Amino acid sequence: MELLLTASGLRNETLRDALRDMLGKPFGSANVVYVPTASVAEPGDHGWFVADMNRLHGLGWREFDVLELNGLPRRMVLDRLLHADVIYVAGGSHYHLARSVTGNDLADGFLEALASRVYVGVSAGSMIFSRNLTEHSADVIGDTRDLHVLGATTVEPPFGLFDWYLKPHLYSPNFPERDDSWADRIASRADFPIYFIDDETAIRVRDDKMDVISEGRWRFHP
């Protein structure tokens, strides 16, 4: 399993080089599937979404597919994931994304696909692997409202691969409240490990090994 868990996509050459290395062949010889599901639950201007898709498309893939997780037959979704070399899951609401995976019974098939493909997560797409993605962590992080707006009070982690939680967009100009004081407040309440990463950083997981790659800044609170 190879995961590249970013805050804001492939924004710099270090992250793009990491993906090339994980993929093991040129982008022009590979298929990518872009999953926009998390984005549709976010209100307001989606210029960030268009910019991210354009940045990914500009890498020159052999085939660029777009796949929504809701509303399609389960077998069709899984076949499209299996057809790709890279599964790229965009940002938005991590709660909507997690509930889309579990609600459509996709978790096992998703993990089967990830056994032999590279996964790139963006923000919400990077947050869904923690076993601590629950209503408790929503209370600790302070985003319970984002869960309630979906008409839900609980959330089930779809994969539960890691005990650590990832919180993106540290120091981001698009989230000006996410500074060191913000991270300190969350860390002081948390009873689980947290990585805070900025928009130039990713956590790379290759089987049972993980590291942080970055042209920016990040924090870890065990």
Side-chain angles (χ1 to χ4, degrees), residues 3-16 18-19 34-56 88-100 119-130 132-150 152 155 157 162 164-205 212-222:
L3 313 176
L4 187 64
L5 306 178
T6 79
S8 289
L10 305 172
R11 291 170 55 99
N12 59 60
E13 197 59 32
T14 296
L15 300 181
R16 292 189 288 271
L19 178 56
Y34 188 94
V35 179
T37 299
S39 69
V40 300
E42 286 294 316
D45 183 84
H46 274 57
W48 56 271
F49 170 79
V50 175
D52 180 59
M53 178 180 279
N54 285 338
R55 182 165 50 238
L56 180 66
Y88 189 102
V89 180
S93 169
H94 53 300
Y95 297 125
H96 177 62
L97 179 58
R99 295 174 76 231
S100 297
Y119 179 97
V120 180
V122 179
S123 192
S126 296
M127 298 172 69
I128 59 172
F129 292 96
S130 175
N132 284 301
L133 178 60
T134 65
E135 59 274 12
H136 171 66
S137 63
D139 183 58
V140 169
I141 300 297
D143 59 10
T144 299
R145 180 183 174 277
D146 294 337
L147 181 58
H148 291 174
V149 78
L150 299 173
V155 60
F162 314 120
W164 46 266
Y165 192 95
L166 188 151
K167 193 62 180 171
H169 309 304
L170 183 65
Y171 313 124
S172 172
N174 296 318
F175 299 87
E177 77 283 1
R178 297 191 184 186
D179 56 12
D180 283 317
S181 295
W182 167 82
D184 288 342
R185 287 193 299 272
I186 293 174
S188 69
R189 298 193 298 264
D191 53 359
F192 47 85
I194 305 179
Y195 282 93
F196 298 91
I197 64 173
D198 75 358
D199 291 344
E200 305 294 331
T201 298
I203 296 177
R204 176 173 51 190
V205 179
V212 179
I213 54 176
S214 179
E215 290 189 12
R217 295 177 289 173
W218 56 281
R219 295 173 49 166
F220 176 64
H221 295 267

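Predicted model only: the values in this text are computed from it and were never measured. We count residues from 1, following the sequence as given.
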- Task: Check step by step if side-chain contact (heavy atoms from CB on, under 4.5 Å) holds for Y95 and V149.
- Result: CA-CA 10 Å; Y95 297 125; V149 78; over 6 Å; no

- Query: Salt bridge or not for R217 and D199, using N-O below 4.0 Å?
  - Reply: no

- Item | Nearest-0.5 Å distance that lies between atom OG in S123 and atom NZ in K167 | 7.5 Å

- Is a donor on one side and an acceptor on the other found under 3.5 Å between the side chain of S93 and the backbone of E42? no

- Query: Taking the six-membered ring where the residue is Trp, are the ring centres of F49 and Y34 under 6.0 Å apart?
  - Reply: yes

- Message: I'd like to know whether L133 forms a side-chain contact (heavy atoms from CB on, under 4.5 Å) with Y165, so could you lay out the CA-CA distance, the side-chain angles of the two residues, the decisive distance to 0.1 Å, and finally the verdict.
- Response: CA-CA 7 Å; L133 178 60; Y165 192 95; 4.1 Å; yes

- Query: Judged by atom type as modelled, is there a donor-acceptor pair below 3.5 Å linking the side chain of R178 to the main-chain atoms of H169?
  - Reply: no

- Sub-3.5 Å donor-acceptor pair from the side chain of S39 to the main-chain atoms of G92, do we have one? no

- Task: Please confirm whether Y119 and F129 have ring centers closer than 6.0 angstrom.
- Result: yes

- Any luck finding a side-chain donor-acceptor pair between E215 and T14 under 3.5 Å? yes

- Message: Would you say the rings of F196 and W182 are close, in the sense that their centroids are separated by under 6.0 Å?
- Response: yes

- Note on the structure: Interatomic distance, NE2@H94 vs CD1@I128, rounded to 0.5 Å, equals 10.5 Å

- Task: Measure across L97 and V89 and return the closest heavy-atom pair with its distance rounded to 0.1 Å.
- Result: CD2-CG1, 3.6 Å

- Message: Can you tell whether the side chains of R219 and D184 come within less than 4.0 Å, N to carboxylate O?
- Response: yes

